[in-house]
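Report on one structure; see the data block that follows.
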Number of protein chains: 2
Amino acid sequence: MKLIKRDTDYAVRALCYFANQKKRVVNSDELVKRLKMPRPYMRKILQQLGRSGMLLSVKGQAGGFILSRSLDHINLSDLINLFQGPTQLSDHLLKKKPCPELKNCRLKKKLDRIENLIVSVLKSTKISSLLK
Amino acid sequence: MKLIKRDTDYAVRALCYFANQKKRVVNSDELVKRLKMPRPYMRKILQQLGRSGMLLSVKGQAGGFILSRSLDHINLSDLINLFQGPTQLSDHLLKKKPCPELKNCRLKKKLDRIENLIVSVLKSTKISSLLK
DNA sequence: ACAAATGATACTAATCAGGTATCATTAATA
DNA sequence: TATTAATGATACCTGATTAGTATCATTTGT
Ligand code: FES
Ligand code: FES
């Protein structure tokens, strides 16, 4: 089972590329060529990073994207949340319905604690620490 | 995104039920009634637990399953491995092919370290600690 | 012999991941 | 100001994975 999906993975690599280009505006074509990713998919990812505020987009000819903040301020959990939704260790369902005892289920509570531990590992991993 | 799929989740609950029944042989009908899970699905899960050696199956009339070892000796990572395959933070692919620089990619190395951390959290969580 | 259990395995349905395609909008530039 | 080269928004498609079913053979207590 994968914890990080393709889009999150690509996003990490893209952000690292931006960081290495300093404040230069980089367009999606360049990224796609350098990182060898499928163009429309990468575009979608960049748009999401833009909407989320991690990238700043420059429209029109000669446009592209720039990092809008230091990678010190973005962590793995942020990206996972953006692309994969909130990390849930277990939803603890029964036949698609929430289990009736959910409120006071000790098992669920325990699993939630473990989940918090894992999320805190992901939160403490700044993207800047992944740079070359 | 869920880290624990339905089958793993059900398996945990089933194992806990067995543990509370001590050394009694419990059949799948009883489990299904108590835990309110879909019968054929639960049967499949029990069979997998049987094959893996965590449960001991008793065939024939009046048959069923018993725990074959203490829940102290089964951890969350074991179950995740059994039902969901090995935990991989990221496969770090490019268009379905392994990225050529994979061998000496610092990003991949970093992600692997984080993965080990998470797996060690899961490994250190004994199923016995999830009992009521 | 029969009933009541598991074993093995093939099949199906629903959901999600990964990606495409299209058209509108924006802005530099010739 | 018309063209061109970029992004914005969004709908669609396809394959893989998850979740669950169905069937039949085998084992064993009564
Ligand atoms: S088993 Fe029902 S909420 Fe945990
Ligand atoms: S980016 Fe290619 S192996 Fe990491």
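First the proteins, then the strands, lettered A, B, ... as listed; each starts at 1.
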Phosphate-side-chain proximity, A/Ser28 and D/dA6, N/O vs OP1/OP2 below 4.0 Å: no

Rounded distance (Å) that lies between atom C1' of D/dT21 and atom CD1 of B/Ile45: 13 Å

Interface polar pairs with nucleotides 20-24 of chain C, N/O, under 3.5 angstrom:
none

Compute whether any side-chain donor of one residue and acceptor of the other, for A/Thr87 and A/Glu115, lie under 3.5 angstrom apart. no

Between C/dG19 (P) and A/Phe83 (CZ): distance, integer Å: 13 Å

Kindly point out which of D/dA19, C/dA5, C/dA8 is positioned nearest to the side chain of B/Asp29? C/dA5

Ignoring hydrogens, what is the shortest heavy-atom contact between B/Ile66 and B/Arg24? Give both atom names and the distance. CG2-O, 3.9 Å

Rounded to the nearest Å, what distance is computed from the CD1 atom of residue A/Ile4 to the P atom of nucleotide C/dA17? 14 Å

CE of A/Met37 versus C1' of C/dG18: gap in Å, rounded? 13 Å

For A/Gln84 and for B/Gly64, locate the closest nucleotide of DNA chain C by heavy-atom distance; then report the residue assigned to the nucleotide nearer the 5' terminus. B/Gly64

Who passes side-chain contact (heavy atoms from CB on, under 4.5 Å) against B/Gln61, sequence neighbours left out? none

Value in whole Å for how far the P atom of C/dA5 lies from CZ of B/Arg24: 12 Å

Decide yes or no on side-chain contact (heavy atoms from CB on, under 4.5 Å) for B/Arg39 and B/Asp29, but give the supporting numbers first. CA-CA 7 Å; B/Arg39 204 178 106 85; B/Asp29 256 343; 3.2 Å; yes

Do any N or O atoms from the side chain of B/Ser57 and from the backbone of B/Gly50 form a donor-acceptor pair under 3.5 angstrom? no

Give a yes/no on whether any side-chain N or O of A/Ser57 is located under 4.0 angstrom from OP1 or OP2 of D/dA6. no

Find the distance A/Met42:CE to D/dG8:P and express it as a whole number of Å. 13 Å

Determine, step by step, whether A/Tyr41 and A/Arg6 satisfy the side-chain contact (heavy atoms from CB on, under 4.5 Å) criterion, reporting the C-alpha distance in whole Å, the side-chain angles of both residues, the deciding distance to 0.1 Å, and the verdict. CA-CA 10 Å; A/Tyr41 194 37; A/Arg6 194 64 57 85; 4.1 Å; yes

From the candidates C/dG18, C/dT6, D/dA19, the one with an atom nearest any side-chain atom of A/Arg6 is C/dG18

Could you check how far CG of B/Asp9 sits from C1' of D/dG20, rounded to whole Å? 15 Å

Between B/Lys5 and B/Asp9, is the closest basic N to carboxylate O distance under 4.0 Å? no

With a cut-off of less than 4.0 Å, is there a side-chain N or O of B/Lys2 near OP1 or OP2 of D/dA19? yes

Listed pairs, N/O of protein and of nucleotides 25-29 of chain D, under 3.5 Å:
residue, atom, partner, partner atom, Å
D/dT27, O2, B/Gly60, N, 3.4
D/dT28, O2, B/Gln61, N, 3.3
D/dG29, N2, B/Gln61, OE1, 3.2
D/dG29, N3, B/Gln61, OE1, 2.7

Salt-bridge contact B/Asp78-B/Lys123 (side-chain N to carboxylate O under 4.0 Å): no

Nearest heavy atom decides the nucleotide; on that basis, is A/Met1 or A/Gly63 closer to the 5' end of DNA chain D? A/Gly63

Rounded to whole Å, the CG-P distance (B/Leu3 to D/dT18) equals 13 Å

Can you tell me if B/Gln48 and B/Arg51 form a side-chain donor-acceptor pair at under 3.5 Å? no

In short, B/Ile127 meets B/Leu76 closest at the heavy-atom pair CD1-N, 3.8 Å

